Amino acid sequence: MPQWNTSTDDPLWVYPKIDNALKDSIIKEFKIHPVIAQILVNRGFKNLEAIHDYLYAKLPDLHDPFLITEMPQAVDRVCRALRERENILIYGDNDVDGMTGTALLTEFFQFIGANVFFYVSNRGPLRQSLIVEALEYALKNECKLLITVDCGITAAGEIAKVVEKGVDVIVTDHHEPTDKIPHCVATLNPKLLNNPYPNRDLTGVGVAFKLAHAITNQLVAENKISPKKIDLKRYLDLVALGTVSDMGALLGENRILVHYGIRQLRKTKRIGLMKLASISDADLTELTTFTIASKIAPRLNSLGRIDDPQKGVQMLLIRNAVMAEKMALELDLNNIERQKIERTMSADVENIIAADPEMLKHKAIILQSDKWHPGVIAIISTRVSKHYNRPVVTIAIDKEIGKASLRSIPEFPLLPALKNCSDILMNFGGHDFAAGMTLKESNIDEFKRRFIQYADEALGENDIMTKLLLDAEVKFDDLSFDFMESIRLLEPFGNGNSPPVLYCYAKQAWPPKVVGKTHLKLYLEQGDRMLEGIAFGKAAHSPMLRKKDLTLRIAFTPQINNFQGPSIQLMIRDFQIVTPVNETP
C-alpha cells in the first residue's frame, strides 16, 4: 500500500473552546452528561434553542419545499404532465447521489401514475455531452418533460439545445451555479443567489425529495390524491444513501433526513439494496453512516466510475430477487476491478511525488497522467488531499483532453481559484471543496502555474498543517455504557458532524502489541481502570512506547466493541508521550 495512504505526520492538536456558563446551562436544561455539553459548546452552538433543534429535530421540522425558488413553476409543470399523460424523463448524474435521486423520482412518479423513464449519464473523459446525450432518448420515447437530478446547473448551453427540440426542462441540482443560469421551466437549487431556502447543503437526492414532497402537497391540496396514499418516508432510505455518499453536511435538515433515512434503510424492503448489503458484508439492521460510506456507496459508485451507472438505478428499483442477486455480484466484481485500478494509480502517485519532492514545497499538488482511469481520479484526489492537507488536482489525459478531479481543505475554497483560470478551462463545476473540470492538454502547464501560484499566495504554513480538533477532556470513569448511549444523541455522524474526539492522560499498563502489521493495540490505565485502545497505522511508533511507566496524552473516539461481550474500546486518533521514563507529570 502506498506510503501516503497512512499519515505518520504529527497533527496539530486544537484544544476545545471553553464556555463554562453555556456548558452549565446546557447541563441544567437538557440533563445531559457534562462531557456531551462540552462537545456541544465546542461545536459552536450559541444558544439552547439551536441545541434543542440539533438534539431533538423531527420530520415535521423539515422546511416547506415551496421555499425553494421556482418550486411552484416546477410543480405546475409536473401536474400538467400528469393531467395530459405526457411522458417524463428523469436524467441523473452518474454517482450515488444522482442514482438515488433518479431512483427516487422514478419510483415516486410511477406511484402517482405518471409515464416515466430514466436515463443516467455515462460520460467519458470529455463530459461534452452532458444532458444532450439524453435528448435522443427523450425524443425517441416522446418525452415532453426532462427533469435533471444532481446536474444541469452549469449546462445552460446544452439545456437550451434540449428546449429548442420542444422538450421542457426542470433542473434539480445542488452544485454551485456559474454566472449563466439555465433558461428552462424551473431551476431548483438551494445554492442559487437570493434563494430563501434555509438549507443550502441539500444534496442532489435531497432536492429531488423536495420536489416529490412539493408535488405531493399540491396533489393533496387539490384533492387529486389522498394524504393517506403517499408516505414519503418510504423514500428516505434513498435520501440517506445519496446524502451520505455525497458527503452532504449532516447538520440541520440533512441530519433529520439521514436520521430517519437510516431507520428506513434498516428495515428496507428494496431487494436490490438487501442483496447489495449482503454482498458488501454489511448488516442492514445495524447500519450506520460509516457502513454506507465504506461498504455500500463504493460498490454503487464503481458503476459510474468504470461501468454503466444505469445499473445502479436498476439495482435500487429492482423487484426480482434472482436478478438482484446477479446484479449485486456484478457490482462486487466491478468494485474489485476499481480497487485494482486504484492501487495501480496510487503506486503511480507515490512514484511521481518521490521523483519530484520539490512539489511539496508548494501549497497545492497537481498530478497528471495519460494512463489513469478518469473514473477513479476522484478517489486519488481525496486521499492525497487528506494526507498532505493541501488542495489537490488529479488529471487523467485522453486524446489531448484532461479530465480533472479536485479536492481541497477548509482554508482554500476551489471555485474562486477555478474562476481565476476559467479562460483556459473547457468547463468546471462542483463545490468549494470538491470539484471537477476539463481542459485541453496544451493548457495544463499554464493551469498548473496559475493554480499553484493562487494557492501559494492564499495559504499559510499553518493552513496546510494537519489538524486534530479535540472536543472535550474526559476521565476513564466518564466512559460508561450510559455515556456511550448519550453520545448517540449526536448521531448520525458524517461530514460536518464528525464523531467526537476526546482526550485524556493515561499510563501504559504494559507495552503495546502490533496487530495486522500496521496497527497498534495499547493497554492504558487511569486510576483503577484499564482500557484497550487501537491506533490504526501507528505500528511504526511501537519502539518508542516500550519503556516502562510512560504517560501518554491520547486523543480518541470511544466505541463499543462487541467481540467476546460488550466492552468500551478507544479508537485512538493520535498520542503524545508526556513524561520521560520514571518521571511523573
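Position 1 is the first residue of the sequence, and the numbers go up from there. Note that this is a predicted model, so its numbers are computed, not measured.
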For this session: Go through the steps to decide whether Arg383 and Glu342 satisfy the test salt bridge (charged side-chain N to carboxylate O under 4.0 Å, His left out), and finish with yes or no.
Result: CA-CA 11 Å; Arg383 291 200 178 158; Glu342 188 186 322; 2.5 Å; yes
Exercise. Are Gln314 and Gln310 close enough that a side-chain donor and a side-chain acceptor fall under 3.5 Å?
Worked result: no
Exercise. Do the charged groups of Glu107 and Arg270 touch, with an N to O distance under 4.0 Å?
Worked result: yes
For this session: Give a yes or no answer on whether the side chain of Arg234 reaches the backbone of Thr268 with a donor-acceptor pair at less than 3.5 Å.
Result: no
Problem set entry | side chain to side chain contact (heavy atoms under 4.5 Å, CB included) evaluation trace for Ile292 with Leu265 | CA-CA 10 Å; Ile292 292 171; Leu265 274 165; 3.8 Å; yes
For this session: Please check if the side chain of Ser422 supplies one atom and the backbone of Leu418 the other of a donor-acceptor pair under 3.5 Å.
Result: no
For this session: Examine the side chains of Asn94 and Ser121 and answer whether a donor and an acceptor come within less than 3.5 Å of each other.
Result: no
Problem set entry | Test item: Thr285 side-chain N/O and Arg266 main-chain N/O as donor-acceptor pair under 3.5 Å | no
For this session: Go through the steps for Lys275 and Met327 under the test side chain to side chain contact (heavy atoms under 4.5 Å, CB included), then give the verdict.
Result: CA-CA 9 Å; Lys275 297 293 183 185; Met327 290 185 77; over 6 Å; no
Exercise. Rounded to the nearest 0.5 Å, what separation is found between the CD1 atom of Ile147 and the CD1 atom of Ile90?
Worked result: 4.0 Å
Exercise. Under 3.5 Å, side chain of Asn254 to main-chain N/O of Asp201, donor-acceptor pair present?
Worked result: yes
Problem set entry | Test item: side-chain donor near acceptor, Thr243 and Thr203, under 3.5 Å | yes
For this session: Give the ring-plane orientation class for Tyr197 versus His63, where under 30° counts as parallel, over 60° as perpendicular and anything between as tilted.
Result: perpendicular
Exercise. For Val205, does its backbone N or O pair with a side-chain atom of Asp97 as donor and acceptor, under 3.5 Å?
Worked result: yes
Exercise. So is Lys229 actually on top of Phe111's ring, under 6.0 Å and inside 45° of the axis?
Worked result: yes
Problem set entry | Check: Leu241 main-chain N/O paired with Thr100 side-chain donor or acceptor under 3.5 Å | no
Exercise. CG of Leu82 to CG of Asn115: how many Å apart, nearest 0.5 Å?
Worked result: 9.0 Å
For this session: Give a yes or no answer on whether the side chain of Asn141 reaches the backbone of Cys143 with a donor-acceptor pair at less than 3.5 Å.
Result: no
For this session: May I ask you to decide whether Arg77 forms a salt bridge with Glu86, counting only side-chain N to carboxylate O separations under 4.0 Å?
Result: yes
Problem set entry | Any donor-acceptor N or O pair under 3.5 Å, side chains Ser385, Thr382 | no
Exercise. Which class fits the ring pair Tyr137 and Tyr119: parallel under 30°, tilted 30 to 60°, perpendicular over 60°?
Worked result: tilted
For this session: For Gly152 and Pro182, work out which heavy atoms get closest and say how close.
Result: O-CG, 3.3 Å
For this session: Taking Thr557 for its side chain and Pro500 for its backbone only, find out whether a donor-acceptor pair lies under 3.5 Å.
Result: yes
Exercise. Does the Lys58 side chain pair with the main chain of Tyr56, one donor and one acceptor, at a distance under 3.5 Å?
Worked result: yes
For this session: Check for a donor-acceptor pair, side chain of Ser302 on one end and backbone N or O of Arg299 on the other, with a separation under 3.5 Å.
Result: yes
